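If you're wondering where the values come from, they're calculated on a predicted model, not measured in any experiment. Just so you know, residue 1 is the first one in the sequence shown, and it goes up from there. Hydrogens, waters and symmetry mates play no part in the numbers below; they use all other heavy atoms, side chains included.
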Amino acid sequence: MGKYDWSGYLAIAEMIQKVGLKLHVSLCFHGSKKPNIPLPKWISEIGESQPSIFFTDRSGQVYKECLSLAVDNLPVLNGKTPVQVYQSFCESFKSKFSPFMKSTITGISMGLGPDGKLRYPSHHELPSNGKTQGVGEFQCYDQNMLSLLKQQAESSGNPLWGLGGPHDVPTYDQSPYSNSFFKDGGSWESSYGDFFLSWYSSQLIAHGDSLLSLASSTFGDTGISIYGKIPLMHSWYGTRSHPSELTAGFYNTANLDGYEQVAQMFAKNSCKIILPGMDLSDANQPNETHSSPELLLSQTMTTFRNHGVSISGQNSSELGVPGGFEQMKKNLSGDNVLDLFSYQRMGAYFFSPEHFPSFTELVRSLNQPKLHLDDLPTEEEEGAESAVMSQESSVSMQAA
């Protein structure tokens, strides 16, 4: 704790500076299974004796790729709170990379949870085919989350509501119809359901507010833009209860815009939002999950724009999805002006003959409007043209 070796990253920053490119940095406070990048060893060792620092589901499974948001302000890390540790990390980064700030480093994404996104790890137990078909599970069963829930229930005058999460919910890979909570007229529409879902989402928003506020105060004097990322939980969006969003922490239903408070939180901290899923279309989703990435993306973009929050985009899949390039072009054209678009992800497949020509065609189509036949260049003119992107493009492109 408190010891950071930035040498490898400084070498990359120097290389990027020399060739005149820009760097968008992601500050991550999570681990991952694929690729296998665990949390720092000293944190994992604390977790062995204090598993309640991690998220826990109804069956007692512990998610060890990030800390539970319920410990943000508890001194569980050798006497320090996680927020204090994140602050130390950000201040060290700022100190070491100050020569690159604004000139080379133009943006910083703040890690807000699992995979860097503002969400609960509601879908970490995926079915064997790797596709998110089920509704996920609420992650409110670690000791500290239960303590917060108990306090909220008692203050509301309904102490029995604080004994645990909803009992009539499906498991990770089940449909919303396999139990009663998410069905039309189910518990999600009751007074208890509103209490629990409001509390669950408010904890997530408070966590995001804490970390984005930290980032804004730390880097506010550098002139660098601060970003945060939310997920696109589009499965079951066609139902009234939107269960995949509810378990992930977004109280968004047919009756309520759950992104209003999230947008207000981003606007309050003068931060920009990153929305994934710019390559996803409704036509290529399985019918049985009532999925609609296009409608969800439209809803979130509208809500954030209404609150003056600048929007950036990403694609969802490193290996591509059917119709992905066409959908990205659609989302990046016309009135959909984005602050930045990040294309995931450089690697062997990115440069393969199956993929790279399609990527270059996407970039050219965004920067070079389709010309009338009379305006097309001759072969001589075409050969003399530079391959450099137009500086007048309405959206910055980057490959991560």
Side-chain angles (χ1 to χ4, degrees), residues 29 43 46-77 79-86 112-114 118-125 135-172 179-182 186-211 213 241-253 256 258 261-262 265:
F29 306 109
I43 291 182
I46 292 173
E48 290 300 318
S49 58
Q50 300 181 57
S52 60
I53 67 172
F54 299 120
F55 286 111
T56 305
D57 64 16
R58 184 171 50 163
S59 65
Q61 291 185 86
V62 176
Y63 179 79
K64 296 183 178 181
E65 271 69 62
C66 74
L67 299 179
S68 167
L69 57 80
V71 299
D72 276 353
N73 297 297
L74 298 179
V76 294
L77 301 179
K80 290 185 178 293
T81 70
V83 169
Q84 288 175 326
V85 173
Y86 303 151
L112 301 176
L118 180 67
R119 68 177 180 91
Y120 290 97
S122 53
H123 285 82
H124 70 88
E125 289 294 323
V135 300
E137 287 194 22
F138 292 112
Q139 306 290 311
C140 60
Y141 292 89
D142 66 77
Q143 174 185 321
N144 300 294
M145 284 290 283
L146 288 173
S147 176
L148 292 173
L149 177 59
K150 183 173 182 288
Q151 292 173 30
Q152 185 68 19
E154 290 175 349
S155 66
S156 73
N158 296 283
L160 294 179
W161 288 356
L163 299 179
H167 67 278
D168 53 345
V169 290
T171 57
Y172 287 104
N179 218 318
S180 60
F181 187 86
F182 297 115
S187 301
W188 70 276
E189 296 192 88
S190 67
S191 296
Y192 164 72
D194 180 62
F195 160 80
F196 176 80
L197 295 170
S198 296
W199 169 81
Y200 190 66
S201 64
S202 70
Q203 297 303 306
L204 184 67
I205 293 170
H207 168 73
D209 185 37
S210 180
L211 267 63
S213 174
S241 61
H242 298 201
S244 289
E245 292 168 86
L246 297 184
T247 57
F250 297 92
Y251 190 6
N252 188 57
T253 67
L256 181 71
Q261 289 183 298
V262 181
M265 181 265 288

Say you draw a straight line from [atom1] of [X] to [atom2] of [Y]; how long is it, rounded to the nearest 0.5 Å?
X	Y	atom1	atom2	answer
Ile43	Phe54	CD1	CZ	8.0 Å
Leu160	Glu154	CG	CD	10.0 Å
His207	Arg119	NE2	CZ	11.5 Å
Leu197	Leu256	CG	CG	9.5 Å

Would you please classify the geometry between the [Y] ring and the [X] ring as parallel, tilted or perpendicular, with 30° and 60° separating the classes?
X	Y	value
Tyr86	Phe29	tilted
Phe195	Trp161	tilted
Phe55	Tyr63	tilted

Discussion item. So Leu204 and Phe250, do their side chains get closer than 4.5 Å, heavy atoms only?
Written reply: yes

Worksheet item: Any side-chain heavy-atom pair from Ile46 and Leu77 closer than 4.5 angstrom?
Response: yes

Hey, is the main chain of [Y] close enough, under 3.5 Å, to the side chain of [X] for a donor-acceptor pair?
X	Y	answer
Ser202	Trp199	yes
Ser213	Ser210	no
Thr247	Val135	yes
Arg58	His167	yes
Asn73	Thr81	no
Asp57	Ser59	yes
Tyr141	Val62	no
Asn252	Gly258	yes

Nearest non-hydrogen partners of [X] and [Y], listed with the distance:
X	Y	answer
Phe196	Gly165	CE1-CA, 4.0 Å
Tyr120	Leu69	CE2-CD2, 3.7 Å
Phe182	Trp188	O-NE1, 3.5 Å

Worksheet item: Any chance CD of Gln143 has more than 12 other-residue heavy atoms, nucleotides or ligands included, within less than 6.0 Å?
Response: no

Worksheet item: Is Gln261 atom CD crowded by more than 12 heavy atoms from other residues, nucleotides or ligands, each under 6.0 Å away?
Response: no

Worksheet item: Would Asp142 and Ser68 count as having a side-chain donor-acceptor pair, cut-off 3.5 Å?
Response: yes

Fill in: Which residues share a salt bridge (Lys or Arg N to Asp or Glu O under 4.0 Å) with Asp209, sequence neighbours left out
Lys268

